[in-house]
Amino acid sequence: MIRAKRHASPDPKGRFGIFGGRYVPETLMKALGDLTRAYAGLKRDRRFQEELRFYWERYAGRPTPVYEARNLTRHFGRARIFLKREDLCHTGAHKINNTMAQGLLAVRLGKKRIVAETGAGQHGVASATAACVFGLKCVVYMGEEDVKRQALNVYKMKLLGAEVIPVHSGSRTLKDATNEAIRDWVTNVETTHYLLGSAVGPHPYPMMVRDFQSVIGRETRGFFLREVKKLPDYLVACVGGGSNSIGFFHPFLKDRRVKIFGIEAAGEGLGTPRHAASLSKGSPGILHGMKSYLLQDREGQVRLAHSISAGLDYPSVGPEHSHLKVTGRVEYRAATDAEALEGFGLLTRSEGIMPALEPAHAVGFLKHLMPQTRKNQILALCLSGRGDKDIDTVKRYL
Ligand SMILES: *Cc1c(COP(=O)(O)O)cnc(C)c1O
C-alpha cells in the first residue's frame with residue numbers, strides 16, 4: 001500500500017495519482033486558474049473562515065450530532081454503531097455545507113450570479129437556498145427527464161427564487177445538465193460562479209468541495225477523541241459523486257488502523273447493466289473535465305447510470321476516490337436497490353430515523369460488514385441525508 005502522505009492533497013495540477021486534473025477547453029483554463037488562486041487565498045483568510053463558521057453553525061445547524069444507535073447495534077450484536085447525523089442539517093443533507101461555502105466564496109469573488117447542475121434537485125435546492133442568503137441570482141440546469149421526475153424539488157427551487165432551465169440534450173439527465181452549467185459558466189464567467197455540487201469536475205473543484213465537506217469528518221474525529229477516547233475501527237459512507245464520503249473519510253486517511261468502506265449503488269445488480277457503480281465496474285476515462293473511473297462502453301461512450309436513489313445516479317465519481325481505490329486505502333463495495341430499501345426499513349424501525357435512500361445503501365451494506373466486526377469495536381456511518389424526499393419512491397417499491 002502507498003503511504004498516507006500521498007493522499008494528503010492533489011498535486012499542483014490537481015492530480016490524485018493519475019486521476020483528476022483539468023480536461024477542459026482553453027476558454028475555461030483561465031477561470032479555473034483564477035478560482036484556484038482565489039480559493040487558496042480564502043483558505044488562509046481568517047475572516048472568510050469565521051464567516052463560514054457562522055453560517056455553518058447558526059444557519060445550517062452544525063455541528064451535527066454523533067448518535068450511538070444502540071438498537072441498531074443490538075440488532076447485529078457486534079461493533080457499536082454510531083451515526084453522523086448530516087440528516088439534521090438545514091435542507092436535509094450535507095449538501096448545504098458546500099453550497100454555503102461556495103456561496104460565500106462567490107460573494108468574495110464579486111460574483112452576482114451562481115449556476116448549478118442538479119439531478120434529483122437536492123443540490124439545486126441547496127444552491128437556491130444559499131443564493132437567498134447571499135443575495136445572488138441562481139440558475140439551475142436540470143435534465144428534462146429529471147424535471148419531470150422531481151417536480152417537488154423544481155417547485156421548491158422556484159419558491160426560493162431560482163430559475164430552473166430544463167436541458168433537452170443527450171440523455172436529458174444530470175450528465176447533460178452538468179455540460180450546460182459549464183457552458184453557461186464559460187459564457188458568463190465575469191459575473192458568474194459555477195457552484196458544483198460534488199467532489200467531481202476539473203481542479204480545483206474536487207479539492208475544494210472535499211475541503212468544505214471535511215467538516216463532517218473533523219467533527220466526527222473530534223467527537224471520538226473527546227467522548228469515546230478512541231477512534232472508530234470502521235467508517236462507512238455512500239458514494240455518488242463522492243462528496244459526503246470524502247468529507248467523512250479525509251480527516252481519517254492517515255489513521256492507518258481505521259478501515260474505510262465506500263458504498264456505491266449496485267442498482268439491480270452488478271451483473272446487470274442497471275447500476276451506478278463506477279468504481280466497482282467502470283474503467284478510467286474522462287468526463288466533466290476530470291480523469292476518473294467512469295461507466296463507459298467499448299467506444300468510450302458514457303453509459304447511463306441507474307440507482308433507486310437519484311443522488312447516486314452518476315456515471316462517474318470524484319477523482320480522489322479513484323486514487324483511494326487504486327492505492328487500496330479505501331475499499332469500495334456496492335449495495336443494490338433492494339438492499340438500500342432493506343437498510344431504509346431497518347434504520348426506520350430500529351431507531352425511528354428515516355434515512356435518504358443514498359445513505360440507506362450504507363445501512364443496507366452493514367449486514368455484510370457487521371459479522372466481521374467485534375463487540376469491543378466501533379463503526380461510524382455517515383447518514384448523509386434524511387428520507388422525506390424519498391417517501392414516494394419507497395412507497396412505490398414496497
Ligand atoms: C446528493 C446526495 C448524495 C450523493 O452525493 P455525494 O457527493 O456522493 O455525497 C448522498 N446522500 C444524500 C443525502 C444526497 O443528497
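Counting convention: from 1, in listed order, for ligands and their atoms alike.
- In terms of protein heavy atoms, atom 6 (P) of ligand 1 is closest to Ser243 N, 3.3 Å.
- Distance from atom 4 (C) of ligand 1 to its nearest protein heavy atom, with residue and atom name: Gly311 O, 3.3 Å.
- Ring-plane geometry between Phe212 and Phe48 is classed as tilted, the angle between the planes lying from 30 to 60 degrees on a 0 to 90 degree scale.
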Gln102 vs Tyr194, side chain to side chain donor-acceptor pair (under 3.5 Å): CA-CA, chis, key distance, verdict = CA-CA 9 Å; Gln102 286 199 51; Tyr194 176 26; over 6 Å; no
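- Contact annotation for His123 and ligand 1: no heavy atom of the residue comes within less than 4.0 Å of the ligand.
- The nearest heavy-atom contact from the protein to atom 2 (C) of ligand 1 is Lys95 NZ, 2.4 Å.
- Looking at Lys389 next to ligand 1, no N or O pair under 3.5 Å apart turns up.
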Ser292 and Ser322: CA distance, side-chain angles, deciding distance, side chain to side chain donor-acceptor pair (under 3.5 Å) verdict = CA-CA 6 Å; Ser292 196; Ser322 292; 2.7 Å; yes
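- What sits closest to atom 10 (C) of ligand 1 on the protein, heavy atoms only, is Glu358 CB, 3.4 Å.
- Using cut-offs of 30° and 60° on the angle between ring planes, the pair Phe261 and Phe365 is tilted.
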When you look at Ser307 and His275, which way does the side chain to side chain donor-acceptor pair (under 3.5 Å) test go after all the steps?
-> CA-CA 6 Å; Ser307 167; His275 61 74; over 6 Å; no
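- The residue among Val200, Asp313, Ile246, Asn244 with a heavy atom at the shortest distance from atom 9 (O) of ligand 1 is Asn244.
- The closest approach between a heavy atom of His94 and any atom of ligand 1 is below 4.0 Å.
- Between Tyr314 and His288, the ring planes lie parallel to each other; the angle is under 30°, not in the 30° to 60° tilted range.
- At a 3.5 angstrom cut-off on N or O pairs, Val239 does not count as close to ligand 1.
- Close approach of ligand 1 to Gly242 is summarised as follows: ligand atoms under 4.0 Å from at least one heavy atom of the residue are 6 (P), 7 (O), 8 (O).
- With ligand atoms numbered from 1 in the order given, ligand 1 contributes 13 (C) to contacts under 4.0 Å with heavy atoms of Gly385.
- At least one N or O atom of Gly240 sits closer than 3.5 Å to an N or O atom of ligand 1.
- Annotation: Cys238 places no N or O atom under 3.5 Å from an N or O atom of ligand 1; distance criterion only.
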Hey, mind stepping through Ser283 and Gln296 against side chain to side chain donor-acceptor pair (under 3.5 Å) and telling me if it holds?
-> CA-CA 7 Å; Ser283 53; Gln296 51 190 334; 2.9 Å; yes
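- Annotation: cation-pi geometry not satisfied between Lys291 and Tyr23 (NZ/CZ under 6.0 angstrom from ring centroid, within 45° of ring axis).
- Remark: Lys259 qualifies as a cation-pi partner of Tyr234 under the 6.0 Å distance and 45° angle criteria applied to the six-membered ring.
- When Ala120, Ser245, Ser384 are ranked by how near their heavy atoms come to atom 12 (C) of ligand 1, first place goes to Ser384.
- Nearest heavy-atom pair, Phe19 versus His323, reported as atom, atom and distance to 0.1 Å: CD1-N, 3.6 Å.
- Inclusion of Gln122 in the set of residues having an N or O under 3.5 Å from an N or O of ligand 1 is not warranted.
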